[in-house]
Student: 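Here you go, one structure.
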Amino acid sequence: MLDIGRPHGSDWPILSALKADAATRDVAVIVYSIEDDRRTSLQLGACERLVKPVARATLAAAIAR
């Protein structure tokens, strides 16, 4: 789970690095952010995009997939 758009930085470079490395390419990544950037998240390889705040049930369902 990566928090995109944090005040002290962004995890976009981490997502890009995970998807570029053969050892971590298939790791499921959920992007969690206050911004609506679903398209970018999915283009970079995230399996799910959640917008803050998110209900616990929604988060649990995303993790279960």
Side-chain angles (χ1 to χ4, degrees):
M1 184 167 218
L2 296 176
D3 188 356
I4 304 297
R6 298 175 290 147
H8 55 279
S10 173
D11 286 341
W12 287 124
I14 295 171
L15 177 57
S16 294
L18 285 170
K19 295 306 173 177
D21 188 323
T24 56
R25 177 174 300 142
D26 295 326
V27 171
V29 178
I30 298 172
V31 171
Y32 183 65
S33 177
I34 59 170
E35 300 172 8
D36 187 16
D37 49 16
R38 182 176 182 82
R39 183 176 177 162
T40 301
S41 300
L42 299 178
Q43 284 177 337
L44 289 177
C47 66
E48 183 64 66
R49 171 71 177 80
L50 302 174
V51 178
K52 295 176 187 178
V54 64
R56 288 182 185 181
T58 302
L59 177 58
I63 292 170
R65 289 185 214 142

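Values in this document were obtained by computation on a predicted structure and should not be read as measured data.
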Student: List the atom of Cys47, the atom of Ile30, and the distance in Å for their closest heavy-atom pair.
Tutor: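 In terms of heavy atoms, the two residues are closest at SG-CG1, 4.2 Å.
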Student: Please give me the minimum heavy-atom distance between Ala17 and Thr24, naming the atom from each residue.
Tutor: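 The pair with the smallest heavy-atom distance is O-OG1, 4.3 Å.
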Student: Is there a path from Tyr32 to Ile63 through hydrophobic residues (I, L, V, M, F, W, Y) whose side chains come within less than 4.5 Å of each other?
Tutor: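 Same hydrophobic cluster.
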Student: Is there a donor-acceptor pair closer than 3.5 Å between any side-chain N or O of Arg25 and the backbone N or O of Leu18?
Tutor: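 No: the side chain of Arg25 does not pair with the backbone of Leu18.
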Student: What do the steps show when you test Leu50 against Glu48 for side chain to side chain contact (heavy atoms under 4.5 Å, CB included), and what is the final call?
Tutor: CA-CA 7 Å; Leu50 302 174; Glu48 183 64 66; 4.0 Å; yes
Student: Under 4.5 Å between side-chain heavy atoms, counting indirect links through other Ile/Leu/Val/Met/Phe/Trp/Tyr residues: same cluster for Met1 and Val54 or not?
Tutor: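 As far as the 4.5 Å side-chain criterion goes, Val54 and Met1 are connected within one cluster.
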Student: Show the nearest heavy-atom pair for residues Leu44 and Ser16, with the distance to one decimal.
Tutor: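 Shortest heavy-atom separation between Leu44 and Ser16 comes out as CD2-OG, 4.0 Å.
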Student: May I ask whether Ile14 and Trp12 are part of the same hydrophobic cluster, defined by side-chain heavy atoms of I, L, V, M, F, W, Y residues being less than 4.5 angstrom apart, directly or through others?
Tutor: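 Hydrophobic grouping puts Ile14 with Trp12.
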Student: Do side-chain atoms of Lys19 reach the backbone of Ala46 as a donor and acceptor pair under 3.5 angstrom?
Tutor: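 No: the side chain of Lys19 does not pair with the backbone of Ala46.
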Student: Under 4.5 Å between side-chain heavy atoms, hopping through other hydrophobics if needed: is there a path connecting Leu15 to Ile4?
Tutor: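 In one cluster: yes.
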Student: Is the backbone of Asp3 close enough, under 3.5 Å, to the side chain of Asp11 for a donor and an acceptor to pair up by distance?
Tutor: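 Confirmed, Asp11 side chain pairs with Asp3 backbone.
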